[in-house]
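Working notes, structure below.
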There are 2 protein chains.
Amino acid sequence: MLIGEVSKAAGMTPKTLRFYEEQGLLPPARRGPNGYRQYGDDSVIRLDFIARGRAAGLSVSQIRSILAAREAGNAPCAHVQDLLAGQLAELDLKIAELTALRAGVAASYEAVAAGNPSACDQSRVCSYL
Amino acid sequence: MLIGEVSKAAGMTPKTLRFYEEQGLLPPARRGPNGYRQYGDDSVIRLDFIARGRAAGLSVSQIRSILAAREAGNAPCAHVQDLLAGQLAELDLKIAELTALRAGVAASYEAVAAGNPSACDQSRVCSYL
DNA sequence: CTGCACCTTCCCCTGTGGGGGAAGGTCAAG
DNA sequence: CTTGACCTTCCCCCACAGGGGAAGGTGCAG
């Protein structure tokens, strides 16, 4: 299969596949006599895995480390579990940060809504923010 | 005051002040005979306002629009209120997205934790993700 | 005179995951 | 023969808010 076909099957663009190859998520593709990349069905499976990892918010380098473990002959499950645990911790942190920010913004919003624009201190640009 | 002094008073770096000037958040500074930027106390007040806006997650261009309204002689309160409302909506959306992602990642994490690594399908890289 | 701390402009760099588009080769169909 | 759809490499581009550092001017103290 050519790159366009495979990328379509995986729901990606040819650019993305070349990028993944360059980033080490895909092994360097076999080339046809014309220099075109040649792919087998296994590539689609690998790309699906990559897509699942991306959907879980894993970075390219994290996914690369999983694939490297699999290539080394180990079941990468323990490593995947570690990465997902880290991802959960990061998500919890980000959600907490955004929630705190939201609270502060909500307070400012209330202050502005309750304020009197004509009493807004010009020298402070806006008294209520 | 020179740029270093003002930036310190505002808790910023000189680089940031030059950046804000370039971005139109600060008017072009008066220059001394040596070409150095000269600031008055009002600059610190303006920078404090900018910092409050940034702390509320407003972008540079949003803050610029507030300052432009104030410069045009209008109390920017209504505009500030609109921007904060938009910011709240964006934060709610982001929090919802991250929460949904977190749920998906948690489900994958449970699956990996409950799975048997030696039964992990090699051809799928990892059956549990 | 020499250091040192400050200032100036200028241009590139950061992280992330690709996208845009140029210049050129290849292949099958009409 | 040409058209169109592929493919190749190459290099630059995006958001975002600055940071790093070079090369050079300025001002004051010792």
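Labels below follow one simple rule: chain letters A, B, ... track the order of the sequence lines, proteins then strands, and each chain is numbered from 1.
Straight-line distance from the CD1 atom of A:Ile3 to the C1' atom of D:dT8: 10 Å, rounded to whole Å. C:dC6 atom P lies 7 Å from atom NZ of B:Lys8, rounded to whole Å. Here C:dC10 presents its P atom at 13 Å from CD of B:Glu21, a figure rounded to the nearest Å. To the nearest angstrom, P of C:dG19 lies 13 Å from CD of A:Glu22. In this entry the distance linking CD of A:Gln23 with C1' of C:dG19 reads 14 Å, nearest Å. For the pair B:Leu2 CG and C:dT8 P, the interatomic distance rounds to 8 Å; values are reported in whole Å.
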Which atom pairs, donor and acceptor, lie under 3.5 Å between side-chain atoms of residues 78-86 of chain B and protein residues at least two apart or in another chain?
from: B:His79; atom 1: NE2; to: B:Ser65; atom 2: OG; distance (Å): 2.8

Distance-only check: which donor-acceptor pairs under 3.5 Å involve side-chain atoms of residues 94-104 of chain A, not counting sequence neighbours?
from: A:Thr99; atom 1: OG1; to: A:Ile95; atom 2: O; distance (Å): 2.7
from: A:Arg102; atom 1: NH1; to: B:Asp92; atom 2: OD1; distance (Å): 2.6
from: A:Arg102; atom 1: NH1; to: B:Asp92; atom 2: OD2; distance (Å): 2.7

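Over its length, the helix from C:dC1-D:dG30 to C:dG30-D:dC1 turns its helix axis by 40°, as judged from the five terminal pairs at each end, rounded to 10°.
Counting heavy atoms from C-beta on, the side chains of A:Tyr39 and A:Val44 never come closer than 4.5 Å.
For B:Arg18, the side-chain hydrogen bond (donor to acceptor under 3.5 Å, both in side chains) criterion is met by no residue, not counting sequence neighbours. Under the side-chain hydrogen bond (donor to acceptor under 3.5 Å, both in side chains) criterion, A:Gln23 pairs with no residue, sequence neighbours left out. The salt bridge (Lys or Arg N to Asp or Glu O under 4.0 Å) check on B:Arg70 picks up nothing, with sequence neighbours excluded. With sequence neighbours excluded, the residues satisfying side chain to side chain contact (heavy atoms under 4.5 Å, CB included) with A:Arg31 are A:Glu21, A:Arg37. Applying the salt bridge (Lys or Arg N to Asp or Glu O under 4.0 Å) test to A:Glu71 and every residue at least two apart in sequence or in another chain returns A:Arg46.
Here B:Leu2 sits in one hydrophobic cluster together with B:Tyr36; the rule is ILVMFWY side chains under 4.5 Å apart, joined directly or through other members.
Interface residues of residues 25-43 of chain A facing DNA chain D, ordered by number: A:Arg31, A:Gly35, A:Tyr36, A:Arg37; criterion, heavy-atom separation under 4.0 Å.
Annotation: salt bridge (charged side-chain N to carboxylate O under 4.0 Å, His left out) contacts involving residues 48-62 of chain A, sequence neighbours excluded, are absent.
Counting all heavy atoms, side chain and backbone alike, B:Gly4 lies closest to B:Pro14 at CA-CG, 4.2 Å.
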* Asked: How does protein reach along nucleotides 15-23 of chain D, written 5' to 3' as B (base within reach of a heavy atom under 4.0 Å), S (only sugar-phosphate), or - (no contact)?
  -> --BBSBB--
